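These numbers come from the heavy atoms of this one structure, side chains and all, not from hydrogens, waters or symmetry mates. Proteins get letters first, then strands, A, B, ... in listed order; numbering begins at 1 in each. These figures come from a predicted structure and were not determined experimentally.
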2 protein chains.
Amino acid sequence: MVTIADVARHAGVSSSTVSYVLSGKRAISEETRRRVQSSVQELGYHPNAGARALAARRSHIIALMVPLRTDVYVPVMMEIAIAVTMAARQHGYDVLLITNDEGPDGVRRIGASGLADGVILMDVELDDERIPVLQSNGTQAALIGLPDDPAGLSCVDHDFAAAGALCADHLADLGHREVAFIGYGTGVYTRHAGYAERTLTGFGERAAQRGLRFVHRPCDGTYESTAGTFARILADRPDTTGFVVQNEGAIGPLLTLLRSSGRTVPEDASVIALCQAQLAEQFAPRLTSVTGSAEELGRVAVEQIMRRVTAAGNRQRPVDETVLLTPALTVRDSTGPAPRPGSQP
Amino acid sequence: MVTIADVARHAGVSSSTVSYVLSGKRAISEETRRRVQSSVQELGYHPNAGARALAARRSHIIALMVPLRTDVYVPVMMEIAIAVTMAARQHGYDVLLITNDEGPDGVRRIGASGLADGVILMDVELDDERIPVLQSNGTQAALIGLPDDPAGLSCVDHDFAAAGALCADHLADLGHREVAFIGYGTGVYTRHAGYAERTLTGFGERAAQRGLRFVHRPCDGTYESTAGTFARILADRPDTTGFVVQNEGAIGPLLTLLRSSGRTVPEDASVIALCQAQLAEQFAPRLTSVTGSAEELGRVAVEQIMRRVTAAGNRQRPVDETVLLTPALTVRDSTGPAPRPGSQP
DNA sequence: TTGTAGGCGTTATCAC
DNA sequence: GTGATAACGCCTACAA
């Protein structure tokens with residue numbers, strides 16, 4: 001292993017000089033800077049992470065706590081994890097992966113051991129039990145998702161209410177009058193995940209404003225569940241012409257069911273998916289979708305936590321902020337003008 | 001922050017005693033062990049990770065390098081990552097997430113800084129450029145995937161050849177004579193990913209033995225691509241009655257295309273998917289599938305690297321091993337006896 | 001069975 | 001602009 005002392009000797013300077021060249025924390029003559037840097041290159045020196053963390057009281061690691069549940073659409077989770085990792089690297093940080101099954105103890109362990117300088121929590125519930133731990137042990141955190149009370153915290157999430165409103169507006173603009181909202185399984189609602197309610201509320205309020213009649217039906221994303229949901233919607237509201245789907249798993253089944261019920265999309269029925277663009281484009285017809293950027297979610301969370309870590313390092317009080325990312329509606333081939341009443345099957 | 005000295009004082013012992021109680025590396029009287037442990041609890045002591053890594057020359061972290069490419073089915077990647085994380089925790093290890101865009105330099109950085117004690121590499125190519133780095137800088141590694149030359153390495157992967165053979169056998173057993181293999185996009189083959197070729201070879205050899213005629217067609221998993229592939233298959237081999245799909249994205253489109261071409265599954269055409277069980281069960285009809293355990297893949301990789309790290313710590317030569325996990329065929333509702341010749345549309 | 005003390009490789013304070 | 005040097009918190013021979 002090559003140490004800072006090796007580099008110092010090789011460059012003919014003291015080890016503190018090497019340290020300062022690397023950290024840039026004090027002025028160094030151009031001459032020595034070059035000598036040191038070429039020694040670093042030549043010897044392939046990388047500072048020992050443990051020693052650095054010990055001396056500087058900063059590990060240059062942030063922890064990312066991911067949910068184990070799979071009712072969250074997995075590719076989005078992964079996209080966030082990767083965005084977090086790459087954004088962290090830009091700040092000279094690495095990312096430690098923690099699973100949610102460790103729960104509050106995991107947060108405690110990471111904070112107390114100094115393994116990470118901060119934690120990013122995904123899949124935050126409204127009254128998340130990890131939050132009190134953060135506060136009691138002074139761990140810096142950024143939450144992806146909105147808790148009930150974001151006081152003292154930095155949070156970032158999609159603006160799900162705006163997403164719901166976009167769906168209602170688009171369908172209303174196209175002249176639809178009866179629409180159905182196919183949501184997540186009931187578990188997601190009873191769990192107080194927040195995003196499901198917020199989408200629904202945003203949709204419902206805008207629908208009311210625009211004079212749209214709508215029903216909300218939970219659906220757990222299997223074919224059977226979707227078939228049941230679909231049948232009940234048509235039974236209750238046979239004149240439904242617009243569908244908003246939030247559960248990624250229900251999209252394929254819904255399209256199949258529409259087709260086999262004799263409805264053509266978008267002539268007889270319009271479909272909007274609340275999902276990432278890549279998925280929306282994979283279906284036939286390509287789906288009009290309302291999408292937020294998972295990548296940006298991760299990036300913002302990293303920036304939030306970096307600011308907090310820096311502040312805490314300077315013994316300042318970190319500033320709390322809540323950021324809601326505005327989603328976008330992309331019109332593709334699955335939405336069109338409402339059919340004339342009585343013209344659908 | 002609570003240190004080992006605080007615990008020692010609180011328990012009325014020396015700090016080395018506390019250390020030994022925690023590591024279990026020497027005999028301790030039942031009496032003191034209890035006192036120390038209750039002090040640890042009471043004070044909420046967690047050893048400082050940096051100090052521990054520095055003194056013991058072991059970070060208790062393993063790095064997991066994940067691909068950025070999305071032609072690997074993302075949920076499987078995530079399942080592996082989570083399995084790795086949970087298995088590592090069982091050994092007292094945490095997992096650092098590294099993205100493949102760091103390439104060989106990432107491996108060098110992790111090894112040289114002592115940030116991690118070992119690395120698990122996912123999405124290994126046949127002549128992966130990260131492998132020479134491992135050897136030159138003595139970093140312990142476990143590979144998920146098989147390189148050309150596994151000498152000096154520990155590797156684990158699914159037995160894709162066996163998976164291919166299972167598909168051929170099942171279709172042959174059902175009396176099919178003309179089958180099509182819908183693979184990944186051409187990029188996956190030219191990239192030398194290994195698993196695609198191995199599946200195809202295993203399938204092809206068994207098909208030949210069983211007197212099955214088959215065509216292989218690459219497909220990148222979009223609807224359009226699948227439609228094109230499907231059309232060409234039917235044009236070239238109109239009597240095709242069996243389909244094997246390896247590309248997860250092509251499954252939905254294929255089922256839609258079969259249906260709209262007037263074929264009922266499984267009466268007119270049988271479909272086998274090479275994908276995880278959860279996905280196979282999501283379609284209608286539920287798909288017969290050949291599946292390997294992603295969770296086991298991750299677990300085995302962790303065990304391999306733990307053995308290597310331990311060996312290296314004791315200055316022994318780590319033992320190399322290559323493990324191939326046997327996949328299983330699960331018969332569901334998408335495969336059935338071949339239709340009588342001439343009876344399909 | 002337990003204690004003492006040296007060292008792990010960096011950072012950062014103090015001195016020049 | 002540069003060098004010594006004292007922490008940082010833990011582990012592990014070496015002693016007792």
Peer 1: Judged by atom type as modelled, is there a donor-acceptor pair below 3.5 Å linking the side chain of B:Asp117 to the main-chain atoms of B:Ile62?
Peer 2: no
Peer 1: Looking at CG of A:Asp94 and CD1 of B:Ile110, how far apart are the two atoms once the value is rounded to the nearest 0.5 Å?
Peer 2: 5.0 Å
Peer 1: So which heavy atom on A:Leu134 is nearest to which on A:Ala141, and how close?
Peer 2: CD1-CB, 3.6 Å
Peer 1: Could you tell me whether the side chains of A:Ser14 and A:Thr17 share a donor-acceptor contact shorter than 3.5 Å?
Peer 2: yes
Peer 1: Check whether any side-chain N or O of A:Asn314 sits under 3.5 Å from a backbone N or O of A:Gln316 as a donor-acceptor pair, and report yes or no.
Peer 2: no
Peer 1: Enumerate all atom pairs, one protein N or O and one N or O from nucleotides 6-9 of chain C, separated by less than 3.5 Å.
Peer 2:
{"from": "C:dC8", "atom 1": "O3'", "to": "B:Arg57", "atom 2": "NH2", "distance (Å)": "3.3"}
{"from": "C:dG9", "atom 1": "OP1", "to": "B:Arg57", "atom 2": "NH2", "distance (Å)": "3.1"}

Peer 1: Going from CG on B:Leu97 to CD1 on A:Ile82, what distance comes out if it is rounded to the nearest 0.5 angstrom?
Peer 2: 7.0 Å
Peer 1: Let me confirm one number: the NE2-OG1 distance from A:His46 to A:Thr3, rounded to the nearest 0.5 Å.
Peer 2: 14.0 Å
Peer 1: Using the heavy-atom set of chain B and a strict 4.0 Å cut-off, write down the first and last nucleotide of DNA chain D that makes it in, 5' to 3'.
Peer 2: D:dG9 to D:dC14
Peer 1: Using heavy atoms and a sub-4.0 Å distance, could you list which residues of residues 24-41 of chain A are near DNA chain C? By number, please.
Peer 2: A:Lys25, A:Arg26
Peer 1: Is there, by distance only and without an angle test, a donor paired with an acceptor across the side chain of B:Ser16 and the base of C:dT4 below 3.5 Å?
Peer 2: yes
Peer 1: With side-chain contact (heavy atoms from CB on, under 4.5 Å) as the test, would you mind laying out the steps for B:Leu68 and A:Met86 before giving the verdict?
Peer 2: CA-CA 10 Å; B:Leu68 291 183; A:Met86 296 181 66; 4.1 Å; yes
Peer 1: Starting at CG of B:Asp148, measure out to CG of B:Asp128 and round the result to the nearest 0.5 Å.
Peer 2: 10.5 Å
Peer 1: Just checking B:Glu30: does its CD atom have more than 12 heavy atoms from other residues, nucleotides or ligands closer to it than 6.0 angstrom?
Peer 2: yes
